[in-house]
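One structure below.
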Amino acid sequence: MSMEVDYKLTFGACARITQATMDDPDASDFQPTVQFLSIKMLPSNKADTPDRYRLIVSDGKYFVQAMLATQLNELIQNGAIKKHTVAVLEKYTSNVVQNKRLVIVLALRVVGDTPEKIGTPESLEGSVKPSAESAAGSSAVTAPPKVQAPAPHAARPNQTNERATPIFPIEALSPFQNKWTIKARVTQKSDIKHYSNQKGEGKLFNVTFMDDTGEIKATAFNHVVDELYDRIEEGKVYYISRARVNIAKRKFSNVDNQYELSLEKSTEIEECLDTTDLPTVKYNFVQLKDLEAAAKDAMIDVIGIVKETHDLGEVISRSTQKTIPKRDLTLVDRSGYSVRLTLWGEQAKKYTATDHPVIAVKGVKVGDFGGKSLSMVSSSTMSLNPDITDAHALKGWFDSAGSEASFQSHSLSGGGGAFQGGGINLSEMKTTQEVKDMNLGSDKPEYFSSRVVITHLRAENIMYPACPSEGCNKKVTDLGDAWKCEKCERTFENPEYRYLVSFCGADHTGQLWLQGFNDVGLIAFGMSANELKNLEDQDRDAYDSAVKRVISGVFNVACRAKQDTYNDMTRVRYGINRMIPLDFTVDTSHVLDQLSAYA
DNA sequence: CCCCCCCC
């Protein structure tokens with residue numbers, strides 16, 4: 001029944017692969033045929049770290065232990081490799097880990113399966129002492145084993161200042177090893193970030209290194225930043241050694257490695273010009289159409305045409321009060337969707353392309369404001385008109401057809417389609433009860449829109465006397481004959497009144513107290529706070545009726561909900577970002593749209 | 001040793 005296949009194992013393979021290192025010129029030529037005698041899963045004790053597999057590799061005469069690179073785990077999980085499988089080892093390496101040699105299989109090709117063990121192999125480690133090794137397998141080998149020496153051989157034969165450290169695959173780095181060099185491409189380099197905490201001021205930057213076995217994040221602090229920042233360029237390849245390997249805090253990184261590197265004063269980094277064997281960034285593009293299904297905060301890769309470049313703007317960070325430049329781009333792709341991509345900081349300032357370039361971004365964060373949006377984070381990378389197939393195809397499509405196409409928008413600023421009502425998404429309105437039921441994180445705000453009727457407003461302190469200097473808005477104190485701003489250290493003859501309003505907004509499910517600033521008051525009262533203040537001082541009846549007019553008004557409001565702790569009391573504050581009187585024409589047509597969707 | 005990734 002079964003076909004008799006006579007597999008020829010490569011005798012001497014075990015001794016030889018035990019000597020292999022990544023840049024060993026012979027190792028890539030020596031692709032032995034071996035048999036796996038056993039496969040054992042070493043379960044990961046961490047949710048974000050894959051299980052590992054240990055193989056017993058036999059050359060028919062000897063066997064050694066080896067680890068399967070985790071990117072090959074699938075071969076075991078899908079049954080391609082099992083006990084007694086015969087395979088050609090195409091790529092492998094060997095390191096000393098805790099004084100033990102450990103072979104890592106990086107690539108292999110399955111040749112076939114046999115029902116049993118070939119030959120009667122014995123343990124290479126057990127039978128062979130390092131000093132006596134040459135006697136062990138040399139008679140039968142197809143490639144001569146190297147003379148085993150306790151010290152690893154030189155890593156970089158062509159470099160003048162050789163180090164006695166082997167080139168390691170990134171995948172094999174661990175805190176247990178200190179003599180190693182990796183050869184890796186910088187796929188991401190951050191700006192220099194400054195921080196201050198209890199221990200004082202500091203600065204840092206980080207990079208992502210990648211080789212064909214994996215990637216790893218590296219961070220440099222303080223004086224090491226000065227030393228290395230300008231010497232490391234995104235896209236280039238370097239030899240890196242004598243960095244510290246630490247356990248990665250993975251919740252802060254989307255780099256797929258359980259370890260990360262700390263670049264120290266003693267770390268050696270040297271550019272490598274032979275980059276042929278190093279992979280470039282790999283993308284896993286999500287079509288813009290499929291963003292609908294992307295989870296908030298997911299890190300994804302996207303490629304699109306820049307349909308629109310918005311002006312440079314800025315935001316004031318609510319947590320740090322710092323002003324941060326930002327620029328929105330509208331990306332489109334062949335799936336017929338558009339999405340907003342926000343660039344920050346230097347990248348926002350430096351972006352100047354005026355045509356419609358292709359942009360490929362890796363590791364951008366998905367937001368859910370008014371639909372779906374994308375935001376660059378410090379570990380994201382952006383590539384303009386990258387020389388990759390997807391980019392050429394996209395450019396061809398846009399030039400021939402795409403530039404005339406219309407797109408379904410994922411986000412508010414993109415305009416069109418789902419968003420109407422003066423920028424408030426009528427399709428995603430929440431009732432006041434739904435607002436109260438929202439799950440709020442302890443520090444992150446949530447945004448929502450509602451339609452409410454104003455039932456009350458806090459009558460006292462609708463307005464406050466504010467500093468009239470541009471952008472100050474601070475409350476000023478009455479000196480009797482003048483008004484003083486403590487912040488600007490100036491006095492003014494008259495203040496500029498500004499609104500600070502508390503509305504009670506109700507719907508059929510309940511009510512919420514909503515805070516609004518000056519822009520909201522302007523909409524609600526239809527006059528400036530100065531004018532309302534004049535009425536209050538000079539025409540009390542007119543003032544009362546102006547206030548009463550707001551009561552019972554119906555508004556669409558775009559709001560921000562945020563937890564707030566004051567005097568040990570935690571409560572949720574609701575701020576109005578935008579307030580628009582109900583427009584019956586817009587609202588009715590929206591209701592008609594909804595009805596027709598049911599028909 | 002950062003770990004915030006900002007705003008609507």
Side-chain angles (χ1 to χ4, degrees), chain A residues 188 190-208 217-225 243-244 246-255 260-265 296-299 310-328 340-348 361 363-382 409-415 419 421-425 428 441-449 516-517 519-520 556-562 575-580:
Chain A
Q188 180 270 138
S190 75
D191 288 340
I192 296 174
K193 284 173 276 188
H194 295 263
Y195 62 90
S196 74
N197 55 26
Q198 306 92 305
K199 292 178 197 161
E201 305 271 298
K203 63 181 171 182
L204 67 104
F205 78 102
N206 45 57
V207 294
T208 306
K217 177 180 165 176
T219 306
F221 289 92
N222 303 322
H223 58 275
V224 185
V225 174
R244 191 155 36 147
N246 297 318
I247 304 284
K249 294 171 190 126
R250 299 202 58 185
K251 67 171 171 158
F252 299 124
S253 168
N254 56 331
V255 173
E260 61 189 25
L261 298 179
S262 177
L263 306 178
E264 315 278 313
K265 194 164 182 58
K296 178 171 155 58
D297 297 335
M299 293 294 202
H310 299 260
D311 292 338
L312 186 66
E314 55 186 34
V315 302
I316 295 162
S317 165
R318 293 209 184 242
S319 52
T320 63
Q321 301 303 314
K322 275 189 194 152
T323 303
I324 302 133
K326 76 152 202 170
R327 188 192 298 278
D328 287 340
R340 181 182 72 175
L341 169 69
T342 304
L343 314 183
W344 301 97
E346 286 304 303
Q347 190 165 50
V361 281
V364 286
K365 193 161 156 175
V366 176
D368 67 352
F369 183 74
K372 296 287 178 190
S373 57
L374 300 174
S375 179
M376 298 290 281
V377 298
S378 71
S379 57
S380 307
T381 59
M382 180 178 96
S409 173
H410 274 301
S411 35
L412 203 57
S413 71
F419 300 101
I424 293 180
N425 184 356
E428 291 187 0
S442 58
D443 51 345
K444 290 267 183 202
E446 287 286 340
Y447 296 89
F448 66 92
S449 297
F517 291 103
D519 47 347
V520 165
N556 288 331
V557 284
C559 301
R560 166 181 196 275
K562 172 118 169 45
I576 305 175
N577 291 323
R578 217 164 28 248
M579 180 163 189
I580 298 155

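In what follows, every chain begins at residue 1, and chains take the letters A, B, ... in the order their sequences are listed. The model shown is predicted, which means the values in this text are computed figures rather than measured ones.
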The side chain of A:W344 lies closest to which of these nucleotides: B:dC1, B:dC7, B:dC3? B:dC7
Check whether the side chains of A:S262 and A:E260 place a donor and an acceptor atom closer than 3.5 Å, and report yes or no. no
Between B:dC5 (C1') and A:F205 (CZ): distance, integer Å: 19 Å
Separation of atom CD in A:Q188 from atom C1' in B:dC2, rounded to whole Å: 13 Å
Just jot down the side-chain hydrogen bond (donor to acceptor under 3.5 Å, both in side chains) partners of A:S375, sequence neighbours excluded, or say none. A:W344
Choose from B:dC3, B:dC1, B:dC6 the nucleotide whose nearest atom is closest to any side-chain atom of A:N222. B:dC1
Indicate whether OP1 or OP2 belonging to B:dC1 is found under 4.0 Å from a side-chain N or O atom of A:N197. no
For A:R327 and B:dC7, what is the distance between atoms CZ and P respectively, to the nearest whole Å? 19 Å
Distance check needed: B:dC7 P versus A:K562 NZ, whole Å only. 10 Å
A:E446 CD to B:dC6 P, in whole Å, measures 13 Å
Sorted by chain and number, sequence neighbours left out, side-chain hydrogen bond (donor to acceptor under 3.5 Å, both in side chains) with A:T381 holds for none
Where the side chain of A:K249 is defined as all heavy atoms beyond and including C-beta, which of B:dC1, B:dC6, B:dC3 is the nearest nucleotide? B:dC1
Tell me the interatomic distance from A:L341, atom CG, to B:dC5, atom P, rounded to whole angstroms. 17 Å
Rounded off to whole Å, could you give me the CG-to-P distance for the A:L204 and B:dC5 pair? 15 Å
Taken to the nearest whole Å, NZ/A:K326 to C1'/B:dC4 is 17 Å
A:Y195 side chain: which of B:dC2, B:dC7, B:dC4 is closest? B:dC2
Just checking A:Q321: base, sugar-phosphate only, or nothing, at a heavy-atom cut-off of under 4.0 Å? nothing
May I ask you to say what A:K322 touches in the nucleic acid, namely base, sugar-phosphate or nothing, with a heavy-atom cut-off under 4.0 Å? nothing
A:S375 near the nucleic acid: base, sugar-phosphate alone, or nothing, with a heavy-atom cut-off under 4.0 Å? sugar-phosphate
Mark yes or no for whether A:E201, through its side chain, and A:K203, through its backbone, hold a donor-acceptor pair below 3.5 Å. no
Taking only N and O in the side chain of A:K365, is any of them less than 4.0 Å away from OP1 or OP2 of B:dC4? no
Is A:K193 salt-bridged to A:D191, going by a charged N under 4.0 Å from an acidic O? no
Consider the side chain of A:I324, meaning its heavy atoms from C-beta on, and name the nucleotide among B:dC6, B:dC2, B:dC5 that approaches it most closely. B:dC6
Consider the side chain of A:N206, meaning its heavy atoms from C-beta on, and name the nucleotide among B:dC2, B:dC3, B:dC7 that approaches it most closely. B:dC2
